[in-house]
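Beneath this line is the structure, given in structure tokens, with notes to follow.
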Amino acid sequence: MSGKSGRRIASIKEIAKLANCSIATVSNALNNKGRISEEVSKKIHRICRKHGYTPNSAGRMLRRSQSETIGLLYYPSCAALFRNAYYAQIMEAIEMSLEAASYDVLFSGSKFHEWKHTPPRFVRQNKVDGVILLGDFPKKAVMAAETFGLPLILIDNHHPGTRVDSITTNGYQAIKDTVQHLVEQGHERLAFLAYAGDGYNASQRQKGFEDAVQDHGLSAKDNQAYRDFVDDEEALALVQRLLASRRPPTAVIAVNDTLAVYLLTKLQNLGLEVPKDLGLAGFDNDPFSRTTHPPITTVRVDTKELGQSGTEILLKRIADPDRAQVNVQVAAELIARESTTGLEVPQVLESVV
């Protein structure tokens with residue numbers, strides 16, 4: 001307890017909540033940094049005194065470093081992102097944007113479940129002015145990152161209920177456009193596939209699929225979303241089961257091109273022809289989707305805009321910690337290719353699966 005004034009508070013996040021401002025503002029006020037009004041500064045110090053809060057070593061490490069360096073954290077792993085052409089393109093745009101703004105970038109992996117107690121090393125050592133969260137970070141990781149006391153940006157991800165800026169692709173509308181394209185090709189039985197545990201992007205794409213099915217008056221029973229597999233092999237097994245069913249899908253929409261390319265290759269090895277036996281669409285416009293035979297229908301994402309605009313949002317947050325929260329959606333474009341076009345609706349042969 002803090003004597004007459006009530007419960008002792010040990011968290012800068014709690015102080016920020018009571019003061020109705022950002023964690024970065026509290027940190028700046030306690031360290032006499034940033035552009036903070038005298039009124040706000042006095043309010044924060046008054047709340048700290050009332051609740052017996054004094055910055056300890058953990059609090060001191062939250063200070064803005066003025067290092068002209070940005071930290072980049074990725075999820076689920078370094079390998080998962082760097083071998084993915086989609087994320088490699090986003091990271092290239094981030095790096096170029098930061099270089100143009102005279103900032104360096106530090107890449108780091110971290111066990112996010114430890115962040116509340118042990119933030120990443122570059123945060124503990126006060127080496128960065130802000131942090132980019134790139135990848136499908138779960139909400140609890142983002143909430144833990146809020147305790148860093150640094151400006152944050154989620155790139156290609158969003159979590160309602162957090163106070164973190166974000167920039168994403170409008171996957172909802174893009175998948176609706178994909179369904180419309182397939183319906184125009186004569187398809188009435190579709191399947192949407194995404195990995196179990198996939199986050200915001202997959203959920204938005206699934207919602208776009210389900211709403212499009214309803215908009216076009218398609219049977220919900222014959223047009224379902226599946227998110228109960230953990231890897232590509234399980235996805236292939238699922239597709240095989242669906243194709244062997246009494247009313248198999250005539251086209252499959254994969255959550256990304258990595259999965260679509262894998263399915264195309266394996267189904268062709270089983271003797272199926274795309275799109276004669278099964279239409280196939282992906283998402284992301286991965287370079288490999290253009291070189292398969294046939295090329296895969298996909299959705300083009302402006303990875304350059306994601307990286308550049310995301311970086312600009314973070315730099316603006318660093319300059320003005322109290323600016324309104326920004327959540328941006330970037331439009332995406334359907335690219336129809338031979339994996340879904342030019343042939344009659346497939347008649348799947350059960351004997352080949």
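Computed over heavy atoms, backbone and side chain alike; hydrogens, waters and symmetry mates excluded.
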Study note, to complete from the structure: With sequence neighbours left out, the residues meeting side chain to side chain donor-acceptor pair (under 3.5 Å) with Asp177 are Gln173

Exercise for review: Could I get the full list of side chain to side chain contact (heavy atoms under 4.5 Å, CB included) partners for Glu99, not counting sequence neighbours?
Suggested key: none

Review point. Got a donor-acceptor contact below 3.5 angstrom from the Asp129 side chain to the Glu68 backbone?
Key: yes

Practice item. Pick out which of Arg246, Arg189, Arg247 makes a salt bridge (charged side-chain N to carboxylate O under 4.0 Å, His left out) with Asp222. Key: Arg247

**Study point:** Backbone N/O of Phe122 and side chain of Gln125: donor-acceptor pair under 3.5 Å
**Key:** no

Exercise for review: Go through the steps to decide whether Ile153 and Arg317 satisfy the test side-chain contact (heavy atoms from CB on, under 4.5 Å), and finish with yes or no.
Suggested key: CA-CA 9 Å; Ile153 178 72; Arg317 174 65 62 193; over 6 Å; no

Review point. Is there side-chain contact between Pro119 and Thr147, with at least one heavy-atom pair below 4.5 Å?
Key: no

Exercise for review: Using the test side chain to side chain donor-acceptor pair (under 3.5 Å), find all partners of Gln89 that sit at least two apart in sequence or belong to another chain.
Suggested key: Thr303

Review point. Can you tell me how far the CD atom of Gln180 sits from the CG atom of Asp215, to the nearest 0.5 Å?
Key: 9.5 Å

Check your understanding: Going through the distances and angles, do His51 and Leu18 end up as a side-chain contact (heavy atoms from CB on, under 4.5 Å)?
Key -> CA-CA 10 Å; His51 294 279; Leu18 289 171; 3.7 Å; yes

Review point. Residues in side chain to side chain donor-acceptor pair (under 3.5 Å) with Ser166, at least two apart?
Key: His158, Asn327

Exercise for review: Quick one: list whatever passes side chain to side chain contact (heavy atoms under 4.5 Å, CB included) with Glu92, sequence neighbours left out.
Suggested key: Met96

Revision key, fill the gap. Tightest non-hydrogen contact, residues Ile313 and Val326, listed as CD1-CG1, 3.9 Å

**Study point:** More than 12 heavy atoms from other groups under 6.0 Å of CD on Gln224
**Key:** yes

Review point. Under 3.5 Å, side chain of Asp136 to main-chain N/O of Gly199, donor-acceptor pair present?
Key: yes

**Study point:** Side chain to side chain, Leu270 and Gln240, heavy atoms closer than 4.5 Å
**Key:** yes

**Study point:** All side chain to side chain contact (heavy atoms under 4.5 Å, CB included) counterparts of Lys139, not counting sequence neighbours
**Key:** Met143, His159, Thr162

Review point. Just wondering, do Ser309 and Val328 contact through their side chains at under 4.5 Å, heavy atoms?
Key: no

Review point. Passes side-chain contact (heavy atoms from CB on, under 4.5 Å), Leu272 versus Leu243? Steps please.
Key: CA-CA 11 Å; Leu272 285 170; Leu243 293 179; 3.6 Å; yes

Practice item. Report, as yes or no, whether the 6.0 Å neighbourhood of atom NZ on Lys13 holds more than 12 heavy atoms from other residues, nucleotides or ligands. Key: yes

Check your understanding: Is it the case that one hydrophobic cluster holds both Ile253 and Tyr200, taking links as side-chain heavy atoms less than 4.5 Å apart, direct or via other members?
Key -> no

Exercise for review: Working to the nearest 0.5 Å, report the span between NZ of Lys316 and CZ of Arg323.
Suggested key: 5.5 Å

**Study point:** Under the salt bridge (charged side-chain N to carboxylate O under 4.0 Å, His left out) test, residues paired with Lys42 that sit two or more places apart
**Key:** Glu38

**Study point:** Heavy-atom side-chain proximity of Leu242 to Pro248 below 4.5 angstrom
**Key:** no

**Study point:** Residue pairs passing the ring pair (Phe, Tyr, Trp, His ring centres under 6.0 Å) test where at least one lies in residues 206-244, sequence neighbours excluded
**Key:** Phe192-Phe209, Tyr195-Phe229

Exercise for review: State plainly whether one hydrophobic cluster holds both Leu315 and Leu72, where clusters connect Ile, Leu, Val, Met, Phe, Trp and Tyr through side-chain heavy atoms under 4.5 angstrom apart.
Suggested key: yes

Point to revise | Approximate separation, where rounding is to 0.5 Å, of Ile90 CD1 and Leu306 CG | key: 5.0 Å

Exercise for review: Output, in order, the C-alpha distance, side-chain angles, deciding distance and verdict of side chain to side chain donor-acceptor pair (under 3.5 Å) for Glu312 and Gln308.
Suggested key: CA-CA 6 Å; Glu312 290 173 6; Gln308 287 184 340; over 6 Å; no

Check your understanding: Going by heavy atoms in the side chains, are Leu264 and Ser339 under 4.5 Å from each other?
Key -> no

Identify every side-chain donor-acceptor pair in residues 254-261 under 3.5 Å, counting partners at least two apart or on other chains, and give the distances.
| from | atom 1 | to | atom 2 | distance (Å) |
| --- | --- | --- | --- | --- |
| Asn256 | OD1 | Thr258 | N | 3.2 |
| Asn256 | OD1 | Leu259 | N | 2.9 |
| Asp257 | OD1 | Phe283 | N | 2.8 |
| Asp257 | OD1 | Thr298 | OG1 | 2.9 |
| Asp257 | OD2 | Asn285 | N | 2.7 |
| Asp257 | OD2 | Asp286 | N | 2.7 |
| Asp257 | OD2 | Thr298 | OG1 | 2.9 |

Practice item. Would you indicate whether the side-chain heavy atoms of Ile318 and Tyr103 approach each other to under 4.5 Å? Key: yes

Exercise for review: Would you check if Leu267 and Asp277 make a side-chain contact, meaning some heavy-atom pair closer than 4.5 Å?
Suggested key: no

Practice item. Considering non-hydrogen atoms only, spot the tightest contact between Lys304 and Ala93 and give its length. Key: O-CB, 3.7 Å

Review point. Do Gln325 and Asp165 have side-chain heavy atoms sitting under 4.5 Å apart?
Key: yes

Check your understanding: Looking only at heavy atoms, which two atoms of Pro120 and Phe148 are closest? And how far apart?
Key -> CD-CZ, 3.3 Å

Study note, to complete from the structure: Taking every heavy atom of Pro294 against every heavy atom of Glu338, the minimum-distance pair comes out as CB-CB, 3.6 Å

Check your understanding: Quick one: ring pair (Phe, Tyr, Trp, His ring centres under 6.0 Å) partners of Tyr86, sequence neighbours excluded?
Key -> none

Exercise for review: Start with the C-alpha gap between Arg163 and Ile23, add the side-chain angles, then the distance that decides, and say whether side-chain contact (heavy atoms from CB on, under 4.5 Å) holds.
Suggested key: CA-CA 10 Å; Arg163 301 178 67 179; Ile23 294 174; over 6 Å; no

Review point. Do Ile335 and Leu182 sit in the same hydrophobic cluster, where Ile, Leu, Val, Met, Phe, Trp and Tyr count as joined when their side-chain heavy atoms come under 4.5 Å apart?
Key: no

Exercise for review: Could you tell me whether the side chains of Glu210 and Gln214 share a donor-acceptor contact shorter than 3.5 Å?
Suggested key: no

Check your understanding: For the side chain to side chain contact (heavy atoms under 4.5 Å, CB included) test, which of Leu280, Val252, Leu263, Thr340 pairs with Val274?
Key -> Leu280

Revision key, fill the gap. Between the OG1 atom in Thr69 and the CG atom in Asp104, the distance rounded to the nearest 0.5 Å is 4.5 Å

Review point. In chain order, what residues pass the side chain to side chain contact (heavy atoms under 4.5 Å, CB included) check against Lys207, with sequence neighbours excluded?
Key: Tyr172, Asp211

Study note, to complete from the structure: Hits for side chain to side chain donor-acceptor pair (under 3.5 Å) against Arg300, two or more places apart or cross-chain, chain-then-number order -> Glu333

Study note, to complete from the structure: Interatomic distance, CE@Met91 vs CG@Leu134, rounded to 0.5 Å, equals 6.0 Å

Study note, to complete from the structure: Closest heavy-atom pair, Phe107 versus Val105, reported as atoms and distance to 0.1 Å, is CE1-CG1, 3.7 Å

Point to revise | Atom pair OG1 (Thr169) and CG (Asn157), whose distance is rounded to the nearest 0.5 Å | key: 11.0 Å

Exercise for review: Check Asp156 against Thr168 and note the closest heavy-atom contact, atom names and distance.
Suggested key: C-CG2, 4.1 Å

